[in-house]
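Before any comments, here is the structure.
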Number of protein chains: 2
Amino acid sequence: MNIGDVATRTGLPAKTIRYYEEIGLIKPPRDENGYRRFRDNDVHKLNFLGRARALGFTIEDCRTLMALYEDETRASADVKKVARAHLAQIEAKIADLNAMRDTLGHLIDACAGDDRPDCPILRDLSRNP
Amino acid sequence: MNIGDVATRTGLPAKTIRYYEEIGLIKPPRDENGYRRFRDNDVHKLNFLGRARALGFTIEDCRTLMALYEDETRASADVKKVARAHLAQIEAKIADLNAMRDTLGHLIDACAGDDRPDCPILRDLSRNP
DNA sequence: ATGAGGGTTCCAGTCACGGGAAGGTCAAGG
DNA sequence: CCTTGACCTTCCCGTGACTGGAACCCTCAT
């Protein structure tokens with residue numbers, strides 16, 4: 001299978017697939033003409049990666065998770081640990097964003113949004129401390 | 001005032017202040033020795049920028065907001081529009097993260113987290129479609 | 001032979017900085 | 001007067017995870 005077919009199948013852009021090869025996440029062999037030849041296993045890995053990335057795991061997490069996936073003797077505790085650390089990051093990010101949303105929401109509500117220059121949003125941004 | 005004092009006052013790293021000058025957000029004059037000399041107005045602007053960045057506005061948004069702030073004839077509607085667009089981005093991001101958190105949370109709950117290799121997290125990541 | 005539609009590499013850019021090197025400036029202390 | 005140490009300066013590279021584009025090769029159909 002060539003890269004275009006794999007891109008269609010996995011939903012990943014060809015550029016991304018080449019990038020994943022470049023950083024060593026997959027190692028498809030080459031045909032005589034230099035084209036990458038993807039085996040089922042490569043496609044499987046790419047699906048795995050796409051799914052892990054969609055859950056927000058970093059590339060390095062993906063590397064770790066793939067290694068665990070391929071290690072038949074893994075302990076599920078190791079997987080869970082990676083996932084929990086990532087969940088904590090997500091929750092921290094959500095908390096940050098919630099705080100921003102609340103502040104911004106209040107400011108927007110307080111702003112008349114008309115032709116006049118008076119604006120609580122700018123007042124807040126330029127407040128002293 | 002030199003950059004170190006400004007950094008202390010605004011809470012922004014000196015590197016960031018130099019960067020903001022480089023991209024034209026502030027234009028502090030220079031002393032004879034080449035040092036940046038910050039006036040109250042520059043410090044004020046930097047506080048504004050720090051606050052806007054803390055609310056997650058992009059640098060380009062900050063540029064727009066500062067321009068509006070300095071335009072006495074602005075319409076608050078223009079400010080509100082920028083803020084609302086940003087709020088929408090934040091909410092979209094929160095929605096994404098909430099979905100990740102939910103999925104990841106379920107998977108983590110389902111994972112025994114012991115010595116055995118069997119792991120619902122990896123099963124989900126490697127599932128077919 | 002020519003064109004369309006694959007594939008390949010390499011380089012540059014994204015965003016908002018941060019790290020670190022190499023060197024100029026200034027105030028205080030010996 | 002000299003040195004020390006804390007400042008300041010510019011310049012360049014690296015970050016994460018790609019994306020866009022140029023320039024070029026391969027294959028097949030017309």
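Chain naming here is simple, since letters A, B, ... match the order of the sequence lines and numbering starts at 1 in each.
Minimum atom distance to the side chain of B:T58 is reached by C:dA16, of the listed D:dC8, C:dA16, D:dA17. Among the nucleotides D:dT9, C:dC17, C:dT9, the one closest to any side-chain atom of B:R53 is C:dC17. In the set D:dC8, C:dA16, D:dC18, the nucleotide with an atom closest to the side chain of A:T16 is D:dC18. Closest approach to the B:P13 side chain among D:dA17, C:dG18, D:dC26 is made by C:dG18 (side chain taken as heavy atoms from C-beta onward). The side chain of A:N33 lies closest to D:dC26 when the candidates are D:dC26, D:dA17, D:dT9.
Rounded to an integer number of Å, the gap from A:L12 CG to D:dC18 P is 8 Å. D:dC8 atom P lies 12 Å from atom CG of B:D31, rounded to whole Å. Protein atom CG of B:L55 is 15 Å distant from nucleotide atom P of C:dA16, rounded to whole Å. The distance from atom NZ of A:K15 to atom P of C:dT9 is 10 Å, rounded to the nearest whole Å. For the pair B:N2 CG and C:dA27 P, the interatomic distance rounds to 10 Å; values are reported in whole Å. Atom-to-atom, CD1 of B:I17 to P of D:dC8 comes out at 10 Å; the value is rounded to the nearest Å. When rounded to the nearest whole Å, the span between CD of B:E21 and P of D:dC11 equals 12 Å. Following rounding to the nearest Å, B:R37 (CZ) and D:dT9 (C1') show an atom-to-atom distance of 17 Å.
Here A:Y20 lies in heavy-atom contact (under 4.0 Å) with sugar-phosphate atoms only. In this structure, B:I23 reaches neither bases nor backbone, as no heavy-atom distance under 4.0 Å exists between it and the strands shown. Residue contacts shown for A:R36 are limited to sugar-phosphate atoms, with no base heavy atom under 4.0 Å away.
Between B:R116 and B:D118, no side-chain nitrogen of the basic residue sits less than 4.0 Å from a carboxylate oxygen of the acidic one, so the salt-bridge criterion is not met. Salt-bridge annotation for B:R63 and B:E60: present, with a side-chain N of the basic residue lying under 4.0 Å from a carboxylate O of the acidic one.
You'll find the side chain of A:D42 stays beyond 4.5 Å of the side chain of A:I17, heavy atoms only.
Contact check, B:R30 against D:dT10: a side-chain N or O comes under 4.0 Å of OP1 or OP2.
For a distance-only test at 3.5 Å, the side chain of A:Y35 qualifies as a donor-acceptor partner of the base of C:dG6.
In this model, no donor atom of one side chain and acceptor atom of the other lie less than 3.5 Å apart for B:S126 and A:N47.
Here the options are A:R37, A:R9, A:R39, the test is side-chain contact (heavy atoms from CB on, under 4.5 Å), and the partner is A:M1; only A:R9 passes.
Of the two residues contacting DNA chain C, namely B:F57 and A:G4, the nearest-nucleotide position lying further toward the 5' end is that of A:G4.
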